[in-house]
Chemist: 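The following block contains the structure, expressed as C-alpha cells.
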There are 2 protein chains.
Amino acid sequence: MGLIDNINKLFDHRIRLGIMSILMVNDDVDFNRLKELLDVTDGNLASHTKTLENAEYIKIEKAFIGKKPNTKYFITPLGKQAFKKHIDALEDLIRNPK
Amino acid sequence: MGLIDNINKLFDHRIRLGIMSILMVNDDVDFNRLKELLDVTDGNLASHTKTLENAEYIKIEKAFIGKKPNTKYFITPLGKQAFKKHIDALEDLIRNPK
DNA sequence: TAAAGTACTTTGAAATTCAAAGTTAAAATA
DNA sequence: TATTTTAACTTTGAATTTCAAAGTACTTTA
C-alpha cells in the first residue's frame, strides 16, 4: 500500500478542497457566497458542487429568501468524516513520509 | 482574490504531493524508493518528477552505485519554500475559511 | 413586457493523467 | 562474445477531467 492511498481523490482538487473547507466551518453557505469566496465561474462551481453532491459529501437546499431563489449547501456527516480522514492523511503524509 | 489562490496547483496532485512530502524530510531519495513508497508505475513517476523538475522544485542527480545506475532526487530551496507556502495555505484554508 | 438576476446544465475544446510499450545504455550472465 | 537483464526513463494514445462560455428556465423588477 502506497503512502498516498488515504488521500481522497475527490479532494485533490483545489476548488473542491475549498468548498469542503468552507462547509466544515459554516453551517450553510449559498451559491453566490461560495462563488465569491472561491472566485470561480458559475458553471465551474456548479460542476464541482455536483461532484461532491454525487459523493454525498454535501447536500443542497433550495428556498426562496423573500422573492429571490436561493441555494444553500451543507456538508453531510459522511462528508465531514471523509474530509477529516483526508486531512489526517495529509498531516500524516507531511509529517511522516518515512 | 479567492481563498484558494495560495494553493499551489502543482501540489494539487496526490503523487506530486507525495513526492514533495518525502523529499521534505529525506535528504535524497532514489527512483526505486519513490516508486515503492508511492506505489506508482515507472512512467507515471517519471512524468510527475519531471513536472516538479521543470518547476525547479526538485533536482536530479545521476551516479553509479557500485555497478548499477542510480538516480537520486533532492528538493531545491525553491521547492522547499513553495511547499511550505502551500502547506501554510492549506492550513489557512482549513482553519480559516471565513 | 422587456431586461436582468439566480442557479444551474450543456457543450466542446484543452489539459491532464495513466499504463503500457518502446528506448537507451550499461551490467550481468551464458 | 552474444544475449539478457536492469534502471530510468520517453513516447503513445486513450480516457478522464477541467473549464469558460453559451444556453436554459424561472422570477422579479422596471
Chemist: Within this structure, what is the CG-to-P distance between B:N70 and C:dA26, rounded to whole angstrom?
Modeler: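 Spelled out: CG on B:N70 to P on C:dA26 is 16 Å.
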
Chemist: Mark yes or no for whether B:R14, through its side chain, and A:I4, through its backbone, hold a donor-acceptor pair below 3.5 Å.
Modeler: yes

Chemist: Once you round it to whole Å, what is the distance between P of C:dT11 and NZ of A:K50?
Modeler: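 Taking NZ of A:K50 and P of C:dT11, I get 13 Å after rounding.
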
Chemist: May I ask you to decide if B:P97's main-chain N or O and A:S21's side chain share a donor-acceptor pair within less than 3.5 Å?
Modeler: no

Chemist: Looking at D:dA8, I'd like to know if its phosphate oxygens (OP1 or OP2) sit under 4.0 Å from a side-chain N or O belonging to B:Y73.
Modeler: no

Chemist: Quick check: does any side chain N or O of B:N8 sit under 3.5 Å from a backbone N or O of B:L10, one acting as donor and the other as acceptor?
Modeler: yes

Chemist: Using atom CG of B:N54 as one end and atom C1' of C:dT16 as the other, report the distance to the nearest whole Å.
Modeler: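 Going from B:N54 (CG) to C:dT16 (C1'), I get 15 Å.
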
Chemist: Starting from P on C:dT24, measure out to CZ on B:F31 and report it in whole angstrom.
Modeler: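 It is 18 Å, rounded to the nearest whole Å.
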
Chemist: Is the shortest side-chain heavy-atom distance between B:L52 and B:F11 below 4.5 Å?
Modeler: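 Yes. Closest side-chain heavy atoms under 4.5 Å.
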
Chemist: Which part of the nucleic acid, if any, lies within contact of A:I60, taking any heavy atom under 4.0 Å across all strands shown: a base, the sugar-phosphate backbone alone, or nothing?
Modeler: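 Here A:I60 touches the backbone only, sparing every base.
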
Chemist: Measure the distance from NZ on B:K62 to P on D:dA8 and round it to the nearest whole Å.
Modeler: 8 Å

Chemist: Salt bridge or not for B:D30 and B:K72, using N-O below 4.0 Å?
Modeler: no

Chemist: Rounded to the nearest Å, what distance is computed from the CG atom of residue B:D30 to the P atom of nucleotide D:dT6?
Modeler: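 Answer to the nearest Å: 16 Å.
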
Chemist: For nucleotides 14-30 of chain D, just jot down a letter per nucleotide in 5' to 3' order: B, S or -, based on protein non-hydrogen atoms under 4.0 Å.
Modeler: ----SSBB-----SS--

Chemist: Do the side chains of A:K50 and A:E53 get close enough for a salt bridge, i.e. N-O under 4.0 angstrom?
Modeler: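 Result for this pair is no, no salt bridge flagged.
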
Chemist: Roughly how many Å is it from CG in B:L45 to P in D:dA7, rounded to a whole number?
Modeler: 14 Å

